[in-house]
**Student:** 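Sharing a structure below in structure tokens format, with a few things to ask.
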Amino acid sequence: MKRLSPLLVLLLASCGSNPLYLRLGADYYPVTTIGNQWEYEVEGGGYLITTVVDQTVIGERPCYRLQTGAGYAYWAVEDGRLDHYEDHRVVFNGYEVPVLQAWVTYLDFPLCTGQSRVDSASTYVTAQGVTISHRWRRETTVSGLGQLGSWDECYILQQQERTIDWVQTGGFDPETLLVERTLWLAPDAGLVRKVTPDSTITLTSFTPGS
Amino acid sequence: MRLTLALLAALCAAAPAEITAGMSAGPVFPAGGWGDNIGNGLDLQVFGRWMFNGRLGAGPGLSLSMYGDEYDGDASLTVLTPELSAAFHLRPGAASFSPGLEAGIGYSRSKLESGNGSDPASWDPSWRAGFRWEFGMGAGFRGAAGFDFRGVLAEGESGDAFALVFRVSREVLR
């Protein structure tokens, strides 16, 4: 038995335990509880508060409405997917022209390191006598697990979103916008940090709704 | 540890050298929040069992549980468990009525894979316990049907599940 003991110790040392089942059971984007409130600190000054305000129907689909400042976002969770209502608009001649309004999957549960998804859309809209082309692509990759302050077992997501808008009239060139984000999602708290080249927001408090 | 080994040695010495081998299969159903996005699975097990007497036996086994995605996704969870199990039957060898209990402890390796990615595997202690109804199948084979409650004692949340078990075994050495 004494001869076996070092082998046993080696075997146990090579085995890693991690809260896999906790991650599987956690809600990494809890947007389906009315009253949930996230308060974020904006790097450089200021605060941002996001609240799940109510349930509504948009795009012929029941969903949850989240308010951040004066803006609204619409989310729905169904069949293991988190869907976001994309409402893209192009400003032309001083008017906002809607170019893409659709439900698009944002995350596929369960999250898993290395998991990746790409969503894209290509639309054409005619408004005020011109054709506006809108091409959009979003790639989301779960790059790993990490700890952020007291938030443990966070999934870290890298997101790259590219939008090409083109008002197809003489004199206008296609406009390309590329946004890269790093998102930290914590179990049962959701987004705890979002980093873009322009800003960083970090969760300071999360108040669960009822 | 010495006491356990001595007890095992005494049991083996007192009993005829009878070894049973078998395999079991059946559906397994996640219980608890960890199964929100993980669907039902299939469990396969092979085992060898030293029968101390007709009623009581114990031995090593290896089980593999494979769970799929609850929805249309491509997530899968595989749980590989080397284990030690013991079984007790009230009427060993009975043609149609031999109820019994079976229990096991092991060390489970759980691995989640999804969308060409995978989370780090987790090694955790595990257990299972359940009821068996054993019956004769002819030609030396014994069949059994039953159920198991089982759990992977992982950090933060345990991976509990319920399984239906269909087993075939045969005495391979006397």
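Just so it is clear: chains get the letters A, B, ... in the order the sequence lines come, proteins before strands, and each one is counted from 1.
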**Student:** Working to the nearest 0.5 Å, report the span between CH2 of B/Trp34 and CZ of A/Arg23.
**Tutor:**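 It is 14.0 Å, given to the nearest 0.5 Å.
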**Student:** For atom CZ of A/Arg135, is the number of surrounding heavy atoms from other residues, nucleotides or ligands below 6.0 Å larger than 12?
**Tutor:**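 Incorrect, the count does not exceed 12.
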**Student:** Heavy-atom pairs under 4.5 Å with chain B - which of A/Leu22, A/Asp27, A/Thr113 has more of them than the others?
**Tutor:**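 Ranked by heavy-atom pairs under 4.5 Å with chain B, first place is A/Thr113.
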**Student:** For A/Asn18, is it the side chain, the backbone, both or neither that has a heavy atom under 4.5 Å from a heavy atom of chain B?
**Tutor:**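 Looking at A/Asn18, backbone and side chain both touch chain B.
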**Student:** Would A/Leu24 and B/Asn37 count as a side-chain contact (heavy atoms from CB on, under 4.5 Å) if you check the C-alpha gap in whole Å, the side-chain angles of each, and the deciding distance to 0.1 Å?
**Tutor:** CA-CA 8 Å; A/Leu24 279 172; B/Asn37 297 300; over 6 Å; no
**Student:** Going by atom types only, do B/Ser158 and A/Tyr21 share a side-chain donor-acceptor pair under 3.5 Å?
**Tutor:**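 Per modelled atom types, B/Ser158 and A/Tyr21 side chains form no pair under 3.5 Å.
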**Student:** With sequence neighbours left out, what residues match A/Trp103 under ring-ring contact (aromatic ring centres under 6.0 Å, His included)?
**Tutor:**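 Per chain and number, A/Trp103 pairs via ring-ring contact (aromatic ring centres under 6.0 Å, His included) with A/Tyr85.
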**Student:** Can you confirm whether B/Phe29 is buried at CZ, in the sense that more than 12 heavy atoms of other residues, nucleotides or ligands lie under 6.0 Å from that atom?
**Tutor:**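 Count over threshold, so yes.
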**Student:** Can you establish whether the number of heavy atoms outside B/Ile105 located under 6.0 Å from its atom CD1 is more than 12?
**Tutor:**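 Not buried by this count: 12 neighbours or fewer within 6.0 Å.
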**Student:** Using heavy-atom distances under 4.5 Å, tell me whether B/Asp69 contacts chain A through its side chain, its backbone, both, or neither.
**Tutor:**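 For B/Asp69, side-chain heavy atoms alone lie under 4.5 Å from chain A.
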**Student:** Would you indicate whether A/Glu175, at its atom CD, is surrounded by more than 12 heavy atoms from other residues, nucleotides or ligands within a distance under 6.0 Å?
**Tutor:**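 Counting other residues, nucleotides and ligands, CD of A/Glu175 stays at 12 neighbours or fewer.
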**Student:** If I measure from the heavy atoms of chain B, does A/Arg117 come under 4.5 Å with its side chain, its backbone, both, or neither?
**Tutor:**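 Contact with chain B: none, neither part.
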**Student:** May I ask you to test the A/Leu145-B/Pro120 pair for a side-chain heavy-atom distance under 4.5 Å?
**Tutor:**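 Yes; the side chains approach each other to less than 4.5 Å.
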**Student:** Where does B/Leu112 contact chain A at under 4.5 Å (heavy atoms): side chain, backbone, both or neither?
**Tutor:**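 Both backbone and side chain.
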**Student:** When only pairs under 4.5 Å are counted, which of B/Gly32, B/Ser114, B/Gly115 shares the most heavy-atom pairs with chain A?
**Tutor:**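 Max contact count across the listed options: B/Ser114.
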**Student:** Do side-chain atoms of B/Asp119 reach the backbone of A/Cys112 as a donor and acceptor pair under 3.5 angstrom?
**Tutor:**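 Checking the backbone N and O of A/Cys112 against the side chain of B/Asp119, no donor-acceptor pair under 3.5 Å is found.
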**Student:** State, with a plain yes or no, whether a side-chain heavy atom of A/Ser116 is found less than 4.5 Å away from one of B/Asn116.
**Tutor:**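 SC-SC contact between A/Ser116 and B/Asn116 ruled out.
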**Student:** Output the option from B/Ser110, B/Ala75, B/Gly35 having the highest count of non-hydrogen pairs under 4.5 Å with chain A.
**Tutor:**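 Result: the option with the highest number of such pairs is B/Ser110.
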**Student:** So does A/Trp166 have more than 12 non-hydrogen atoms from other groups sitting under 6.0 Å from CH2?
**Tutor:**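 No, CH2 of A/Trp166 has 12 or fewer neighbouring heavy atoms, counting only those of other groups under 6.0 Å.
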**Student:** Who wins among A/Gly114, A/Pro187, A/Pro19 for the most heavy-atom pairs under 4.5 Å with chain B?
**Tutor:**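 Greatest number of close heavy-atom pairs with chain B: A/Pro19.
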**Student:** If you count every heavy atom of other residues, nucleotides or ligands that lies below 6.0 Å from A/Glu39 atom CD, does the total exceed 12?
**Tutor:**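 Enclosed: over 12 neighbouring heavy atoms sit under 6.0 Å from CD of A/Glu39.
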